[in-house]
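As the structure is a prediction and not an experimental result, all values here were calculated from the model. So that the names make sense, note that chain A is the first sequence line, chain B the second, and so on, each numbered from 1. The analysis underlying the following values was restricted to heavy atoms, covering all of them including side chains, and did not include hydrogens, waters or symmetry mates.
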Protein chains: 2
Amino acid sequence: MVTLNDIAKMANVSKSTVSRYLNNGSVSQKTREKLDKIVQETGYQPNLLAQSLKAQKSNMVGVIIPRYGSPSTNEVLKGIDSIAYTEDIQLMITNSDLDIERTKKNIRLLQRQKVGVIILLATTIDEELEEQLRTSKTPIIIVGQKLSGLPAYVYQDYEAGRLIAEHAIKLGHRHLLFVGVTEEDYAVGVLRKKGFYDVAKQNGAQVSFIQSDFSRSQNYEKALKYLPQTKATYIAAATDHMAIGIFNACMELGVQIPNQISLSGFGGYSETRNVLPHITTIQYSHSEMGETIMKAALQTLETGKNRLHTELPVQLLIQGSTEELKG
Amino acid sequence: MVTLNDIAKMANVSKSTVSRYLNNGSVSQKTREKLDKIVQETGYQPNLLAQSLKAQKSNMVGVIIPRYGSPSTNEVLKGIDSIAYTEDIQLMITNSDLDIERTKKNIRLLQRQKVGVIILLATTIDEELEEQLRTSKTPIIIVGQKLSGLPAYVYQDYEAGRLIAEHAIKLGHRHLLFVGVTEEDYAVGVLRKKGFYDVAKQNGAQVSFIQSDFSRSQNYEKALKYLPQTKATYIAAATDHMAIGIFNACMELGVQIPNQISLSGFGGYSETRNVLPHITTIQYSHSEMGETIMKAALQTLETGKNRLHTELPVQLLIQGSTEELKG
DNA sequence: CTGAAAGCGCTAACAA
DNA sequence: TTGTTAGCGCTTTCAG
């Protein structure tokens with residue numbers, strides 16, 4: 001491997017001259033040309049490890065994702081990556097596989113790697129992890145979970161629930177059904193539902209609730225069982241994926257969407273367009289979230305500080321699966 | 001930041017002793033206990049950059065992906081990650097965003113990071129890139145593209161095309177339609193199609209062809225236009241995603257699947273199960289591919305060598321969208 | 001079992 | 001403009 005030292009010897013100059021040539025540039029025309037040539041010929045590339053060691057930090061940003069393949073995570077990554085790329089900073093992506101211990105381990109690893117900032121796409125946080133987050137010398141940006149006193153980026157999930165309910169009410173629906181998930185997931189299980197309920201009740205609508213999980217199959221099964229006996233004319237599923245499961249059950253049972261029942265999700269992923277009619281949903285602008293986070297990360301890289309939490313707005317996307325209640 | 005040197009001073013021993021304590025272990029009981037305590041209290045963590053610099057290499061594996069969010073890429077990543085995790089080796093994932101220049105740049109970056117191996121999930125390769133691949137000091141494992149003389153991992157795409165055609169023939173279909181993509185994509189555009197054609201012709205079936213692209217919408221549009229006039233009773237789309245577009249068009253036109261027309265895809269992603277009936281497809285075991293690659297990477301890490309190309313088998317997955325031709 | 005010393009590749013004073 | 005020197009944090013001979 002050709003090193004800076006090699007180059008120096010070949011050119012009969014000192015290492016510092018080569019280093020200057022590579023960085024600042026205060027070198028004579030002559031030596032510059034000489035070095036140009038040598039670097040060209042040897043294909044020399046500075047060793048990043050050495051540079052980072054010297055600088056006491058790398059210009060890398062660590063990202064901890066909950067798992068591969070989640071559409072939302074992918075969108076966020078795209079946003080992060082787009083900014084990182086234009087700013088020429090390198091991403092170190094690690095996967096915690098929904099495992100809190102792996103999350104902790106990944107944080108340690110990234111710290112040891114001397115990344116400048118860590119972006120944590122969080123799911124659950126226990127005490128030990130919280131402690132780790134609070135005491136980390138490396139700044140950590142938390143996404144998706146609020147922790148008092150720690151900087152975090154979240155969506156307006158309560159607002160999202162309200163938007164869907166308002167939409168349903170506006171269409172004239174009075175019998176609503178919310179298909180939700182465990183309250184352990186604060187954003188999806190609590191906030192979306194609460195927003196939905198609050199608006200529904202304010203408007204005197206009837207709301208019923210089914211607890212389900214995130215899988216398509218589970219929602220399909222539940223819907224098959226529950227649909228025939230429901231009086232609801234509007235079903236709000238807590239995620240798009242869940243909505244797809246319910247959608248399939250409707251097809252199976254010959255229940256027409258949106259004629260007989262309106263159906264909506266949350267998420268705004270392209271999968272809502274995999275079925276016809278497309279499913280009304282709440283758009284979470286994940287890529288925008290990614291960009292926002294990455295910009296915050298950049299600022300943190302420069303200043304060493306990061307600001308407190310920010311909530312990103314969401315948007316109602318009306319598609320074909322919801323319709324005005326038939327007289 | 002607390003360093004090995006700090007620990008040494010605190011314990012009144014030399015750096016080498018601490019280093020030995022951390023690695024080999026040839027230390028007296030006494031000093032070991034002393035160090036245990038200090039390390040515990042200070043929360044000391046060895047600097048990975050320094051370690052890697054010293055060792056002249058990091059135990060990282062670089063992965064270059066074509067873009068975020070592709071289902072196949074995600075599956076491959078899962079496979080890679082699962083092995084990497086158990087072997088405790090760190091992944092450095094970079095995104096080339098389907099841009100060949102970015103690919104080249106990423107390779108250089110990873111080389112400078114001193115990763116042990118680079119895994120390249122390739123799309124297109126031009127001369128310059130090929131040169132880069134051939135001359136790289138860092139071993140590079142290529143996935144998805146064959147290059148003579150370079151180690152690579154690919155799928156049996158020709159075989160995949162054959163399997164689908166055999167399936168159609170076996171069901172009694174005589175009028176087949178293949179919806180494909182540009183031949184610039186060798187695996188999808190050429191091999192799958194060729195396998196399909198070869199079997200179809202061997203069996204005296206009629207085959208027609210429509211050139212489309214990878215998007216759902218484009219295939220939806222094309223199908224809307226073409227379906228009413230086709231005599232085909234079996235449509236083979238070149239990917240699952242394309243098949244979904246065609247599926248939607250059938251729904252729109254009231255063409256019943258599989259009663260009137262059988263439809264299949266390639267890919268085996270879960271999206272084939274987003275619609276009812278589920279779509280018959282060819283399973284590409286991407287996660288298995290990921291595991292295979294990562295194992296190869298590990299071997300390369302140890303031996304410094306990597307073997308020549310390997311083809312991974314594919315599998316027919318029969319679901320509800322294909323059916324025996326009605327008399 | 002332990003310590004001194006050298007060195008991985010690079011940068012940054014400080015002199016010259 | 002250039003070279004000398006020291007040092008980032010760690011590992012690894014080689015003596016003791």
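- At a non-hydrogen distance threshold of 4.0 Å, nothing from residues 110-118 of chain A comes into contact with DNA chain C.
- With 3.5 Å as the limit, one finds no donor-acceptor pair spanning the side chains of S58(A) and Q113(A).
- Residue Y21(B) contributes atom OH, which lies 20 Å from atom P of dG9(D) at whole-angstrom precision.
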Check the pair T292(A) / L312(A) against side-chain contact (heavy atoms from CB on, under 4.5 Å), numbers first and verdict last. CA-CA 9 Å; T292(A) 305; L312(A) 262 69; 4.1 Å; yes
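- A straight line from CD of E33(B) to C1' of dC1(C) spans 15 Å, rounded to a whole angstrom.
- From I119(A), atom CD1 reaches atom CE of M92(A) across 13.5 Å, with rounding to the nearest 0.5 Å.
- Between dG3(C) and S14(B), a contact under 4.0 Å exists linking OP1 or OP2 to a side-chain N or O.
- Remark: D81(A) engages R102(B) in a salt bridge, criterion side-chain N to carboxylate O under 4.0 Å.
- Ion pairing of D126(A) with K104(A) is present here, as a side-chain N (NZ or NE/NH1/NH2) and a carboxylate O approach within less than 4.0 Å.
- Between T17(A) and dT2(D), a side-chain N or O to OP1/OP2 separation shorter than 4.0 Å is absent.
- Side chains of L77(A) and N95(B) form no contact here, defined as non-hydrogen atoms less than 4.5 Å apart.
- R112(A) places no side-chain N or O within donor-acceptor distance of the main-chain N or O of N47(B), the cut-off being under 3.5 Å.
- The residue S52(B) sits apart from the nucleic acid: no heavy atom pair falls under 4.0 Å.
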With sugar-phosphate taken as primed atoms, P, OP1 and OP2 and all else as base, the protein-contact string of nucleotides 9-16 of chain C at under 4.0 Å (heavy atoms; B, S, -) is BBBB----
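- In the helix from dC1(C)-dG16(D) to dA16(C)-dT1(D), the end axes, each obtained as the rotation axis mapping the C1' atoms of four pairs onto the next four within a five-pair block, lie 40° apart to the nearest 10 degrees.
- Classified by interplanar angle (parallel below 30°, tilted 30° to 60°, perpendicular above 60°), the ring pair H286(A)/Y269(A) is parallel.
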